[in-house]
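Below, read A as the first sequence line, B as the second, and so on, with proteins coming before strands; counting in each chain starts at 1. Since the structure is predicted, the reported quantities are computational estimates derived from the model, not experimental observations. The basis for the numbers below is simple: all heavy atoms, side chains too, and nothing from hydrogens, waters or symmetry mates.
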Protein chains: 2
Amino acid sequence: MLSKKTQYAFHALIHLAENADKGPILISEIAHEKNISIKFLENILLELKNAGILGSKKGKGGGYYLLKAPKEIPLARIIRLLDGAIALLPCVSLNYYERCENCRDEAVCGLNDVMSKVRDATLKILENKTLKDILTRNVSIL
Amino acid sequence: MLSKKTQYAFHALIHLAENADKGPILISEIAHEKNISIKFLENILLELKNAGILGSKKGKGGGYYLLKAPKEIPLARIIRLLDGAIALLPCVSLNYYERCENCRDEAVCGLNDVMSKVRDATLKILENKTLKDILTRNVSIL
DNA sequence: AAAAAAGTCTATCCTTTTTATAGAGTTTAT
DNA sequence: ATAAACTCTATAAAAAGGATAGACTTTTTT
């Protein structure tokens with residue numbers, strides 16, 4: 001299951017993308033619209049900013065905005081950023097690999113084998129589907 | 001990511017299946033063989049017993065043993081039992097569904113749509129692969 | 001220059017879940 | 001009777017998740 005953090009990030013990004021034509025969007029607007037605690041959302045948007053996905057503008061008329069086109073943001077990127085590994089086991093994770101401490105040889109572990117298949121099937125979708133693919137409203141500017 | 005509990009459960013089940021011809025297996029043997037805390041493993045095996053997957057025998061010569069053939073135990077069953085939902089979002093879970101609190105209408109939510117596809121791809125594997133499929137050693141008795 | 005609006009950043013806190021341990025209790029083979 | 005093993009309940013330590021507070025900085029407006 002994805003953490004709340006990642007779930008909130010997706011909803012916030014959707015809101016930012018669908019309103020990209022309105023300039024910077026207030027955290028408070030997103031929080032209200034998507035029913036998320038405003039302070040918690042602050043942390044999340046900051047992480048997305050530090051990762052180069054969002055930009056922000058301070059002062060009056062400020063807010064957050066996308067730095068990249070939605071179609072350039074794969075869903076897998078967001079999950080890895082906020083949740084870490086996408087794989088079900090550390091020993092089959094591509095980006096957060098850790099050696100299995102419960103089996104003698106990963107090379108002949110049937111569990112490793114099956115979970116690699118699950119990982120591949122999952123990534124096939126999450127690496128190819130982008131923020132653009134989960135938008136409801138189409139904004140011409142993007 | 002699967003919890004340690006589920007990971008340990010898989011390794012314990014593998015050990016039980018691969019040694020099914022030896023009669024009841026001691027918790028301590030599994031714990032030692034798979035490098036798992038014996039007391040933690042106790043709880044896990046008990047859960048598996050209460051779910052009807054394992055049987056146990058008390059007293060000298062006792063231990064745990066499989067109640068069903070490995071090919072009758074889908075991996076998804078174990079995950080659901082110990083970890084709960086397999087889906088990445090509560091709003092796309094078949095067995096642990098919860099309404100999405102961040103979007104207006106799940107029916108037109110793009111995120112819901114993509115995550116349903118991930119769920120289907122994952123379940124296609126985890127519902128069809130069984131304990132038998134992750135064994136290294138083949139035990140004729142099974 | 002001052003005030004107001006808005007995001008930034010750090011620190012802290014509370015709760016829940018996860019992981020792990022302890023120990024008394026019960027059952028069974030010998 | 002005894003020792004071997006699982007059972008069960010309670011507890012605790014650690015990590016993660018979720019949330020809050022408040023001082024700080026930047027920018028716009030007046």
Q | Set of residues satisfying side-chain hydrogen bond (donor to acceptor under 3.5 Å, both in side chains) with respect to B:Glu47, sequence neighbours excluded | A | B:Lys5

Q. For A:Leu135, does its backbone N or O pair with a side-chain atom of A:Glu18 as donor and acceptor, under 3.5 Å?
A. no

Q) Within this structure, what is the NZ-to-C1' distance between A:Lys57 and D:dT25, rounded to whole angstrom? A) 15 Å

Q. Looking at OG1 of B:Thr122 and CD of B:Glu127, how far apart are the two atoms once the value is rounded to the nearest 0.5 Å?
A. 10.5 Å

Q: Compare every heavy atom of B:Ile125 with every heavy atom of A:Ala121, then report the nearest pair and how far apart it is.
A: CB-CD1, 4.1 Å

Q. OP1 or OP2 of D:dA15 less than 4.0 angstrom from a side-chain nitrogen or oxygen of B:Lys4, does that happen here?
A. no

Q. Is there a donor-acceptor pair under 3.5 Å between the side chain of B:Thr136 and the backbone N or O of A:Val108?
A. yes

Q: Could you tell me the separation between the CG atom of A:Leu2 and the C1' atom of D:dG17, rounded to a whole number of Å?
A: 14 Å

Q. Tell me: NZ of A:Lys58 to P of D:dT27, nearest whole Å?
A. 7 Å

Q: Look at the side chain of B:Leu26 and decide which nucleotide, out of D:dA4, D:dC6, C:dT19, has an atom nearest to it.
A: D:dC6

Q) Can you list, by residue number, the residues of residues 28-54 of chain B that have a non-hydrogen atom closer than 4.0 angstrom to DNA chain D? A) B:Glu42, B:Leu46, B:Lys49

Q: Check the distance between D:dA19's P and A:Gln7's CD and give it to me in whole angstrom.
A: 11 Å

Q) Which value, rounded to the nearest 0.5 Å, describes the distance between A:Ile30 atom CD1 and A:Leu16 atom CG? A) 4.0 Å

Q. Between B:Tyr8 and A:Ser56, which has a closest nucleotide on DNA chain C that is more 5'?
A. A:Ser56

Q: Calculate, to the nearest 0.5 Å, the distance between atoms CG and CD belonging to A:Leu66 and A:Glu72 respectively.
A: 11.5 Å

Q: Go through residues 78-104 of chain A and report each residue with a non-hydrogen atom lying under 4.0 Å from DNA chain C, sorted by number.
A: none

Q. Under the 3.5 angstrom rule, does the side chain of B:Glu42 hit a backbone N or O of B:Ile27 as a donor-acceptor pair?
A. no

**Q.** Rounded distance in Å - CE (A:Met1) to P (C:dT17)
**A.** 12 Å

Q. Rounded to the nearest 0.5 Å, how far does CG of A:Asp120 lie from NZ of A:Lys124?
A. 10.0 Å

